[in-house]
Amino acid sequence: MEQTLVIIKPDGVARSLVGEIISRFERKGFKIVKLKMLTLTRQVADEFYSPHRGKPFFEDLLSFIVSGPVVAAILEGSNAVDVVRRMIGVTRSFEAAAGTIRGDFGLGITDNVIHASDSRESFERESKIIFKD
Ligand code: CMP
């Protein structure tokens, strides 16, 4: 069964959306395999977002992602990567379709409520960084 990683970002946690968001994944049929709250260090955030190093938004992204606690989960279910990407909606929350997590709860780009792995390879890399144990 396929797995994917989601991270409810500091805005989602601060706005008390954790229960609502996790509940959507549970109701959809995903199994929560791992779940934890943590605050990323700058070093871990830099490694996690390393594919975006050098992009104009990188510094803002790092500052934002370390600004408060996040909730990370590994979800398991059929076609987890693609299905979860569809459930969260496009990166620019103000363009995300109604019914998606970003479409229903966000307006921002950097502060876009949630991250999800965009491929199986990203999942392997990202989950090792976030769930080191
Ligand atoms: P995420 O799915 O976490 O992956 C990289 C993040 O960079 C993205 O969500 C956005 O929060 C953030 N970001 C900020 N500006 C941009 C941009 N112009 N294009 C893409 N991602 C951006």
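One-based numbering along the sequence shown. First listed ligand is number 1; within each ligand, the first listed atom is number 1.
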Do me a favour and list the nearest non-hydrogen protein atom to [atom] with residue, atom name and distance?
| atom | answer |
| --- | --- |
| atom 5 (C) of ligand 1 | His52 NE2, 3.4 Å |
| atom 4 (O) of ligand 1 | Tyr49 CE2, 3.7 Å |
| atom 2 (O) of ligand 1 | His115 ND1, 3.2 Å |
| atom 13 (N) of ligand 1 | Phe57 CD1, 3.5 Å |

Counting heavy atoms only, which part of [X] comes closer than 4.0 Å to ligand 1: side chain, backbone, both or neither?
| X | value |
| --- | --- |
| Lys55 | neither |
| Leu61 | side chain |
| Glu126 | neither |

Roughly how far, to the nearest 0.5 Å, is [atom2] of [Y] from [atom1] of [X]?
| X | Y | atom1 | atom2 | result |
| --- | --- | --- | --- | --- |
| Glu20 | Phe105 | CD | CZ | 3.5 Å |
| Ser78 | Met1 | OG | CE | 4.5 Å |
| Asn112 | Arg102 | CG | CZ | 4.0 Å |

Residues that Ser63 engages under side chain to side chain donor-acceptor pair (under 3.5 Å), provided they are two or more places apart =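 Partners of Ser63 under the side chain to side chain donor-acceptor pair (under 3.5 Å) test: none.
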Same hydrophobic cluster for Val71 and Leu17, using side-chain heavy-atom links shorter than 4.5 Å among ILVMFWY?
->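 Yes, Val71 connects to Leu17 through the hydrophobic network.
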Test of proximity, [X] against ligand 1: N or O pairs below 3.5 Å:
| X | answer |
| --- | --- |
| Thr91 | no |
| Thr110 | yes |
| Ile109 | yes |

Going through the distances and angles, do Asp82 and Arg120 end up as a salt bridge (charged side-chain N to carboxylate O under 4.0 Å, His left out)?
-> CA-CA 10 Å; Asp82 286 348; Arg120 283 170 175 245; over 6 Å; no
Relative to the ring of His52, is the ring of Phe57 parallel (under 30°), tilted (30 to 60°) or perpendicular (over 60°)?
->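 Tilted.
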Check each atom of ligand 1 against the heavy atoms of Arg102 and keep those under 4.0 Å away; list them by number with element.
->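 Numbered from 1, ligand 1 contributes 2 (O).
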Go through ligand 1 atom by atom and flag the ones less than 4.0 Å from a non-hydrogen atom of Asn112.
->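 So the atoms of ligand 1 that pass are 8 (C), 9 (O), 10 (C), 11 (O).
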Arg125/Glu121 ion pair, N-O < 4.0 Å |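 Looking at Arg125 and Glu121, the cut-off is not met.
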Does Glu47 pair with Arg53 as a salt bridge, N-O distance under 4.0 Å?
->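 The answer is yes: the pair qualifies as a salt bridge.
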Has Phe64 got any heavy atom lying under 4.0 angstrom from an atom of ligand 1?
->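 No; Phe64 lies far enough from ligand 1 that no heavy-atom distance drops under 4.0 Å.
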